[in-house]
Q: 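If you scroll down you'll find the structure; I have some questions about it.
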Amino acid sequence: MMARGLPKQKPIPGVKHVVVVASGKGGVGKSTTAVNLALGLAASDHVKAVGLLDADVYGPSIPRMMNLKGNPEVSDRNLMIPLVNYGIQCMSMGFLVEETAPVVWRGLMVMSAIERLLRQVDWGELDYLVIDMPPGTGDVQLSISQNIPVSGAVIVSTPQDIALLDARRGAEMFHKVNVPVLGLVQNMSVFRCPKCDHQTHIFGEDGAKQLAATMGLDILGDIPLHINIRETCDLGKPVVVSNPESSEAKAYVAIALEIIKRISK
């Protein structure tokens, strides 16, 4: 029934593939994952250009994580020009409002902002546009899924039971709007003590793997709970670019390569 009367999907000019990174709830590391996956995609020899769109209008975090500030310039065609760092073209509501200013908007204003971020940006030629979705299964998720062709969705969850319930809802939503779910990323899968190297499954063990098996999905990869990931994003130097030889960075790059492989099929 959801498929009836949907608007006709219109591609974003110059963008070959759109990958949405989503989660059923906040606090599971979705934005951190989206940033590092975008950088992981760009690290591939087969990828020339990657963009990153922050669709979380109420809580934009891409500007801080990508170490970007300022208002986007406007092209001759009256399109916003993305801000660039680490070779990634970025657009976010955070570039249009003060960092600490709350966005107190009703649904229609949010949808108008999303339309502007999608259609009124000069993305140029991109192999991949990674969209950091807001948490949940609301208007923004539906609007993006229904208005542009999406090559695939990546669902991020911790192994915790409560997070997995919401992750399942997110995956089911994409199924209903005919967006392929590429797989799940099990974030914060294990904590390794930096002093004694002991491993502790703080949020449970293999919960996302069990959910994936239940839904007929695959696990794209596991990301550990590591202070290096948190510190580098807070500093605006994501681990994939600041410490590319680390096991954490290699985990993100491996997931990015898996995404490329699945989309190419």
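Atoms considered below: every heavy atom in the structure, side chains included; atoms not considered: hydrogens, waters and symmetry mates.
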Q: Does atom CG of Asn78 have more than 12 heavy-atom neighbours, drawn from other residues, nucleotides or ligands, at distances under 6.0 Å?
A: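 Count not over threshold, so no.
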Q: Could you check whether any side-chain N or O of Lys30 sits under 3.5 Å from a backbone N or O of Pro135, counting only pairs where one atom can act as donor and the other as acceptor?
A: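 No; zero donor-acceptor contacts below 3.5 Å.
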Q: Would a single hydrophobic cluster contain both Leu142 and Val18, if residues Ile, Leu, Val, Met, Phe, Trp and Tyr are joined by side-chain heavy-atom contacts under 4.5 Å?
A: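 Hydrophobic grouping puts Val18 with Leu142.
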Q: Go through the steps to decide whether Tyr86 and Val50 satisfy the test side-chain contact (heavy atoms from CB on, under 4.5 Å), and finish with yes or no.
A: CA-CA 10 Å; Tyr86 309 122; Val50 176; over 6 Å; no
Q: Can you give each donor-acceptor pair under 3.5 Å made by side-chain atoms of residues 233-243, sequence neighbours left out, with the distance rounded to 0.1 Å?
A:
unit_1: Asp234; atom_1: OD2; unit_2: Arg230; atom_2: NH1; d: 3.1
unit_1: Ser242; atom_1: OG; unit_2: Lys237; atom_2: O; d: 2.9
unit_1: Ser242; atom_1: OG; unit_2: Pro238; atom_2: O; d: 3.1

Q: Is there a side-chain contact (heavy atoms from CB on, under 4.5 Å) between Thr214 and Arg168? Walk through the geometry before answering.
A: CA-CA 10 Å; Thr214 300; Arg168 178 167 193 148; 3.5 Å; yes
Q: Nearest 0.5 angstrom please: Ser31 OG to Asn36 CG, how far?
A: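 Spacing of OG (Ser31) from CG (Asn36) equals 11.0 Å.
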Q: Only distances under 3.5 Å count here; give the side-chain donor-acceptor pairs of residues 118-125 to other protein atoms, sequence neighbours excluded, each with its distance to 0.1 Å.
A:
unit_1: Arg119; atom_1: NH1; unit_2: Lys10; atom_2: O; d: 2.8
unit_1: Arg119; atom_1: NH1; unit_2: Pro11; atom_2: O; d: 3.1
unit_1: Arg119; atom_1: NH2; unit_2: Lys10; atom_2: O; d: 2.7
unit_1: Arg119; atom_1: NH2; unit_2: Asn147; atom_2: O; d: 3.0
unit_1: Asp122; atom_1: OD1; unit_2: Arg77; atom_2: NH2; d: 3.2
unit_1: Asp122; atom_1: OD1; unit_2: Gly124; atom_2: N; d: 3.4

Q: Locate the shortest heavy-atom distance separating Met188 from Pro159; write the atom from each residue and the value.
A: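 Closest approach of Met188 to Pro159: O-CD, 3.9 Å.
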Q: Between Ser264 and Lys261, is there a donor-acceptor pair closer than 3.5 Å when you use the side chain of the first and the backbone of the second?
A: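 It does hold such a pair.
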Q: Is there side-chain contact between Ile223 and Ile255, with at least one heavy-atom pair below 4.5 Å?
A: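 Counting from C-beta outward, Ile223 and Ile255 do come under 4.5 Å.
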Q: Between Ile12 and Val179, is there shared hydrophobic-cluster membership here, with clusters defined by ILVMFWY side-chain heavy atoms closer than 4.5 Å?
A: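 Yes, one cluster joins them.
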Q: Tell me whether Leu257 is reachable from Ile219 by hopping between hydrophobic residues (I, L, V, M, F, W, Y) whose side-chain heavy atoms are closer than 4.5 Å.
A: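 Yes, because Ile219 and Leu257 connect within a single hydrophobic cluster, where side-chain heavy atoms sit under 4.5 Å apart.
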Q: Can you find a heavy atom in the side chain of His175 that is under 4.5 Å from one in the side chain of Leu217?
A: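 His175 vs Leu217: side chains touch.
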Q: To the nearest 0.5 Å, what is the distance between OH (Tyr128) and CD1 (Ile259)?
A: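 The OH atom of Tyr128 sits 8.5 Å away from the CD1 atom of Ile259.
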Q: With a 4.5 Å cut-off on side-chain heavy atoms, are Lys69 and Pro63 touching?
A: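 Result no, sub-4.5 Å side-chain heavy-atom pair not found.
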Q: Calculate, to the nearest 0.5 Å, the distance between atoms CG and CE belonging to Leu39 and Met65 respectively.
A: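 Atom-to-atom, Leu39:CG and Met65:CE are 11.5 Å apart.
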Q: Would you mind reporting whether Ile144 and Met133 have side-chain heavy atoms less than 4.5 Å apart?
A: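 Heavy-atom side-chain distance check passes, below 4.5 Å.
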Q: Minimum heavy-atom separation for Pro82 to Met91, with atom names?
A: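 Taking Pro82 first and Met91 second, the nearest heavy atoms are CA-CE, 3.7 Å.
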Q: For Val253 and Gly40, which heavy atoms make the closest approach, and how far apart are they?
A: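 Result for this residue pair: CG2-CA, 4.2 Å.
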Q: Please assess Val150 against Ile148 for the test side-chain contact (heavy atoms from CB on, under 4.5 Å), listing each intermediate value before the final yes or no.
A: CA-CA 6 Å; Val150 178; Ile148 62 173; 4.1 Å; yes
Q: For Asp54 and Met93: C-alpha separation, side-chain torsions, deciding distance, then whether side-chain contact (heavy atoms from CB on, under 4.5 Å) applies.
A: CA-CA 7 Å; Asp54 188 351; Met93 180 56 64; over 6 Å; no
Q: For Gln9 and Ser145, indicate whether the former's side chain and the latter's backbone hold a donor-acceptor pair under 3.5 Å.
A: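 Yes: the side chain of Gln9 pairs with the backbone of Ser145.
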Q: Are the side chain of Asp218 and the backbone N or O of Leu220 linked by a donor-acceptor pair below 3.5 Å?
A: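 Not a single qualifying donor-acceptor pair exists.
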Q: Which atoms form the tightest heavy-atom contact between Val74 and Ile81, and what is the distance?
A: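 Val74 and Ile81 have their closest heavy atoms at C-CD1, 4.2 Å.
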Q: Looking at every heavy atom in both Leu52 and Ile62, which two are closest together, and how far apart are they?
A: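 In this case the closest contact between Leu52 and Ile62 is CD2-CG2, 3.7 Å.
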Q: Would you confirm whether Asn71, through its side chain, and Phe95, through its main-chain N or O, come within 3.5 Å as a donor-acceptor pair?
A: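 Yes, Asn71 side chain to Phe95 backbone: donor-acceptor pair under 3.5 Å.
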Q: Do you know which two heavy atoms are closest between Phe191 and Leu225, and how far apart they sit?
A: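 Heavy atoms of Phe191 and Leu225 come nearest at CD1-O, 3.5 Å.
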Q: Return yes if some donor-acceptor pair links the side-chain N/O of Asn187 with the main-chain N/O of Val156 below 3.5 Å, else return no.
A: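 No, because the side chain of Asn187 does not come within donor-acceptor range (under 3.5 Å) of the backbone of Val156.
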Q: According to a 4.5 Å side-chain heavy-atom criterion applied to Ile, Leu, Val, Met, Phe, Trp and Tyr, with indirect links allowed, do Leu129 and Val84 form part of one hydrophobic cluster?
A: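 The answer is no; the residues belong to distinct hydrophobic clusters.
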Q: Closer than 4.0 angstrom, basic N to acidic O: yes or no for Arg169 and Glu172?
A: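 Salt bridge absent between Arg169 and Glu172.
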